[in-house]
Amino acid sequence: MKIYNSLSRQLEDFVPLNSEQVSIYSCGPTVYDYIHMGNARTALVTDIIRRYLVYRGYKVKLVQNLTDIDDKIINRAAELGVSAKQLAHENGEAFFEDSQRLGIHPADVHPKATEHIPEMISLIQTLIDKGAAYVIDGSVYYRVHQFAEYGKLSHRKPEDLLAGARVEIDERKEDPRDFDMWKAAKPGEPSWDSPWGKGRPGWHIECSAMAMKHLGETIDIHAGGEDLQFPHHENEIAQSELATGCTFARYWMHVAFLKIDGRRMGKSEQNFILLRDALDHYPTEVIRHFLISAHYRHPLDYNPESLAKSEGALRRLNNCLDALKKYDGQSNASETETEPLQDAIQTMQSRFADAMDTDFNTAQALGVIFTLVGEVNRLLATSNGATAPVFAQAYQALTETCEVLGIYNSDVQDGGNVEQRDQLIALLLEVRQEARSRKDWDTSDKIRDRLKEINIEIQDTREGATWKIVS
RNA sequence: GGUGGCGUAGCCAAGUGGUAAGGCCAGAGUCUGCAAAACUCUUAUUCGUCGGUUCGAUUCCGACCGCCACCUCCA
């Protein structure tokens, strides 16, 4: 299994530190607003990495933080006239709700910055004690030149960094590159007591402290959006590694941007689509399919046309799976004869693993799945090229892989009197069939048309009429 | 200015030093009372442009053109 490590800019063999459990830390959102599709992309990539590792037999501990104290939260709260705490709480809950709607499994731990102040203070103190930080007017700054490897993740040279530090140079800092780990409180702002006076933590120290608290001094995989590579992740490394002397994260994964109209989707760009709005328009599986239709390290453009394509692709997949479903459970354990479809199933499984093993190539994995869908459809059409047990195997294999990607949900039936509804429709189809046999097309078409009006679509097939719900 | 990335059929998108996955759309067909849906088949002598290396390059190297991102809060 190989992962592209931003640190080395190479595909590396993935070998977890502890063979018992893989540790993953994923930078979560700053909860001052609902999350948008770009945030969703990163969260989804993390979710699929976790699912795939589990599929491959690893135990995984995933930590995804919430930054719930920050300038943006304070400012937005002031605009809205609510407390920062209240705003962060509401958006945090909304984040969990949106994630869940996208089919993202909750992380094992969702630490919040405000609940880890003591850990952060302690980490900052360690850095001060080591001479790697200094205090000015109640704020604590990290002394970047103390860390010889600074820039190793973003591959920047010190002089380039200085050139970049052209905005608002704080003259009090020893070096323009130095960043704050503790911000002295301004009047009216939320603050916590610290050895340096009242204040609040800087963004970077939050992740260092929370990652190390929940996953230890060295973690296997650290993931986040590509914008976080510098300075956020670079600073996390500087803080953590200088404090512990250990490697902070062994594999750094950065998810490329989601774009819209060719430009980055970003909150500051005002061009974002909220995940919850997208979820109101498209099924979960469609959005997931769209987000994984390109490799995670390549930019992906959001537009209605692409979503429509995913909708079509999913329809093809679902039709195939629906047709296979009736064979489910019919597999004979003693089945030994080899059939062409069995080979195709095995080929699909091994190619799926190959694709995912190579830096989680979901786009390629989808291609592999759809290749088998084509094979199945061909045999289903002739219905003499394979037997029920093999179709059952195909169903199992397909649903298993689709489940890793989260693009198929076999029990999507909404609640209510589903059974009763099904019986009612079956009755209508029966009446319609009687009318058809009398060539009473008026009655037949009336039933079809009226059902269509309530989004139930009849399809006359060789084996008789079937129906499904359309939107 | 520094750094990195991208440019593959009408559209989206994988991929490989040995001759281009998959999806959408389109066209043809099967099915059907009609329809819808579904399914099948077909669709890139070619991978931004120009050079170079090679028996052979879309894949490696160089130049150029175009687009994007990071260097400043942002997944």
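In what follows, every chain begins at residue 1, and chains take the letters A, B, ... in the order their sequences are listed.
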**Q** Taking 4.0 angstrom as the limit, do A/D322 and A/K468 come out as a salt bridge?
**A** no
**Q** Any ion pair linking A/D71 and A/R200 (charged N to carboxylate O, less than 4.0 Å)?
**A** yes
**Q** Excluding sequence neighbours, so at least two apart, what forms side-chain contact (heavy atoms from CB on, under 4.5 Å) with A/T362?
**A** A/I48, A/I292, A/M356, A/L405
**Q** What's the closest nucleotide to the side chain of A/H298 if the choices are B/rC6, B/rC73, B/rA75?
**A** B/rC6
**Q** Contact class for A/R315 (heavy atom, under 4.0 Å): base, sugar-phosphate, or nothing?
**A** sugar-phosphate
**Q** Tell me what A/A256 touches on the nucleic acid: a base, only sugar-phosphate, or nothing, going by heavy atoms under 4.0 Å.
**A** base
**Q** Look at A/R316 and B/rA38 and indicate whether a side-chain polar atom (N or O) is within less than 4.0 Å of OP1 or OP2.
**A** no
**Q** State whether A/K2 and A/D359 are salt-bridged, where the test is any N-O pair (Lys NZ or Arg NE/NH1/NH2 against Asp/Glu carboxylate O) under 4.0 Å.
**A** no
**Q** Output the rounded distance in Å from CZ (A/R297) to P (B/rC70).
**A** 18 Å
**Q** Phosphate oxygens OP1/OP2 of B/rA69: is one of them under 4.0 Å from a side-chain N or O of A/R263?
**A** yes
**Q** What contact category does A/G38 fall into here, base, sugar-phosphate, or nothing, at under 4.0 angstrom with non-hydrogen atoms?
**A** base
**Q** Would you measure the distance from the C1' atom in B/rC31 across to the matching atom in B/rC39 and give it in whole Å?
**A** 9 Å
**Q** Identify, between A/T358 and A/L366, the residue whose nearest nucleotide on RNA chain B lies closer to the 5' end.
**A** A/T358
**Q** For A/W252 and A/H254, take the angle between the two ring planes, folded into 0 to 90°, and tell me which bin it lands in: parallel under 30, tilted 30 to 60, perpendicular over 60.
**A** parallel
**Q** Looking at A/D445 and A/R448, does any basic side-chain N land under 4.0 Å from a carboxylate oxygen?
**A** yes
**Q** Could you tell me whether the phosphate oxygens of B/rU40, OP1 or OP2, come under 4.0 Å of any side-chain nitrogen or oxygen in A/N377?
**A** yes
**Q** Just to be sure I understand the rule, does A/H254 reach a base, reach only the sugar-phosphate, or reach nothing, if contact means heavy atoms closer than 4.0 Å?
**A** nothing
**Q** Scan A/A363 against the nucleic acid and name what it touches under 4.0 Å (heavy atoms): base, sugar-phosphate only, or nothing.
**A** base
**Q** From the list B/rA75, B/rA37, B/rC12, which nucleotide is the closest neighbour of the side chain of A/C27?
**A** B/rA75
**Q** Grab the CG-P distance between A/L66 and B/rA75 for me, whole Å please.
**A** 11 Å
**Q** Both A/L317 and A/N303 contact RNA chain B. Which one's nearest nucleotide lies toward the 5' end?
**A** A/N303
**Q** On a whole-Å scale, what distance lies between the C1' atoms belonging to B/rU49 and B/rC41?
**A** 36 Å
**Q** Within less than 4.0 Å of OP1 or OP2 of B/rC41, is there a side-chain N or O belonging to A/R378?
**A** yes
**Q** Considering only side-chain heavy atoms of A/E226, which listed nucleotide, B/rA69, B/rA37, B/rA14, is closest?
**A** B/rA69
**Q** Is the cationic atom of A/R276 (NZ for Lys, CZ for Arg) positioned less than 6.0 Å from the six-membered ring centroid of A/Y34 and within 45 degrees of its normal?
**A** yes
**Q** Taking the minimum atom-to-atom distance to the side chain of A/A381, which one of B/rC39, B/rA37, B/rA13 wins?
**A** B/rC39
**Q** Measure from the side chain of A/S444, starting at C-beta and using heavy atoms only, and say which of B/rG33, B/rG15, B/rA37 lies closest.
**A** B/rG33
**Q** Look at the side chain of A/R448 and the base of B/rC34, then say whether one donor and one acceptor between them are separated by less than 3.5 Å.
**A** yes
**Q** When all nucleic acid strands are considered with a 4.0 Å heavy-atom cut-off, which category describes A/K72: base, sugar-phosphate, or nothing?
**A** base
**Q** Please give me the minimum heavy-atom distance between A/Y327 and A/L380, naming the atom from each residue.
**A** CE1-CD1, 4.2 Å
**Q** Could you state the atom-to-atom distance from CG of A/N318 to P of B/rC24 in whole Å?
**A** 12 Å
**Q** Please measure how far the C1' atom in B/rU40 lies from the corresponding atom in B/rC65, and state the result in whole Å.
**A** 43 Å
**Q** Hey, is the side chain of A/D445 pairing donor to acceptor with the base of B/rG33 inside 3.5 Å?
**A** yes
**Q** Can you tell me how far P in B/rG23 sits from the matching atom in B/rG66, rounded to whole Å?
**A** 36 Å
**Q** Name the nucleic acid region contacted by A/H36, choosing base, sugar-phosphate or nothing; use a 4.0 angstrom heavy-atom cut-off, strictly under.
**A** base
**Q** Just to be sure I follow the notation: if a pair is Watson-Crick (purine N1 to pyrimidine N3 plus N6-O4 or O6-N4) or a G-U wobble (N1-O2 and O6-N3), each under 3.5 Å, what dot-bracket string does RNA chain B give, with | for pairs to another strand?
**A** (((((((..(((.....[...))).(((((.......))))).....(((((..]....))))))))))))....
**Q** From CG of A/L429 over to P of B/rA36, roughly how many Å is that when rounded to an integer?
**A** 19 Å
**Q** Distance between the C1' atoms of B/rC67 and B/rU19, in whole angstroms?
**A** 29 Å
**Q** If you measure from the Lys or Arg side-chain nitrogens to the Asp or Glu carboxylate oxygens, is any gap between A/R51 and A/D47 under 4.0 Å?
**A** yes
**Q** Spell out yes or no: do the side chain of A/R436 and the base of B/rG33 have one donor N/O and one acceptor N/O closer than 3.5 Å?
**A** yes
**Q** With the threshold set at 4.0 Å, does a side-chain nitrogen-carboxylate oxygen contact exist between A/D33 and A/K72?
**A** no
**Q** Just how far, in rounded Å, is C1' of B/rU8 from NE2 of A/H295?
**A** 17 Å
**Q** Are any of the side-chain nitrogens in A/E269 or A/R264 under 4.0 Å away from the carboxylate oxygens of its partner?
**A** no
**Q** Under 4.0 Å: is that the gap between some side-chain N or O of A/N319 and OP1 or OP2 of B/rA37?
**A** no
**Q** Counting only side-chain heavy atoms from C-beta out, which of B/rA21, B/rG33, B/rA75 sits nearest to A/L258?
**A** B/rA75
**Q** Between the base of B/rG23 and the side chain of A/S293, is there a donor-acceptor distance below 3.5 Å?
**A** no
**Q** Has the side chain of A/K309 got a donor or acceptor that lies under 3.5 Å from a partner of the other kind on the base of B/rC12?
**A** no
**Q** Salt-bridged, A/D178 to A/R172, with N to O below 4.0 Å?
**A** no
**Q** Can you tell me which nucleotide in B/rG4, B/rC73, B/rC70 comes closest to the side chain of A/P231?
**A** B/rC73
**Q** On a whole-Å scale, what distance lies between the C1' atoms belonging to B/rA44 and B/rG22?
**A** 15 Å
**Q** Measuring only the P atom in each nucleotide, how far is B/rA26 from B/rU32? A whole number of Å is fine.
**A** 24 Å
**Q** Does A/S268 reach a base, just sugar-phosphate, or nothing at all? Heavy atoms under 4.0 Å.
**A** base
**Q** What's the closest nucleotide to the side chain of A/T30 if the choices are B/rG23, B/rA75, B/rG33?
**A** B/rA75
**Q** Does a side-chain N or O from A/R156 land closer than 4.0 Å to OP1 or OP2 of B/rG4, or not?
**A** no
**Q** B/rA14, B/rA75, B/rA36: which one has an atom nearest the side-chain heavy atoms of A/M265?
**A** B/rA75
**Q** Say we look at B/rA35 and B/rU46: how far apart would their P atoms be, to the nearest angstrom?
**A** 40 Å
**Q** From B/rG22, B/rC71, B/rA75, pick the nucleotide closest to the side chain of A/F370?
**A** B/rG22
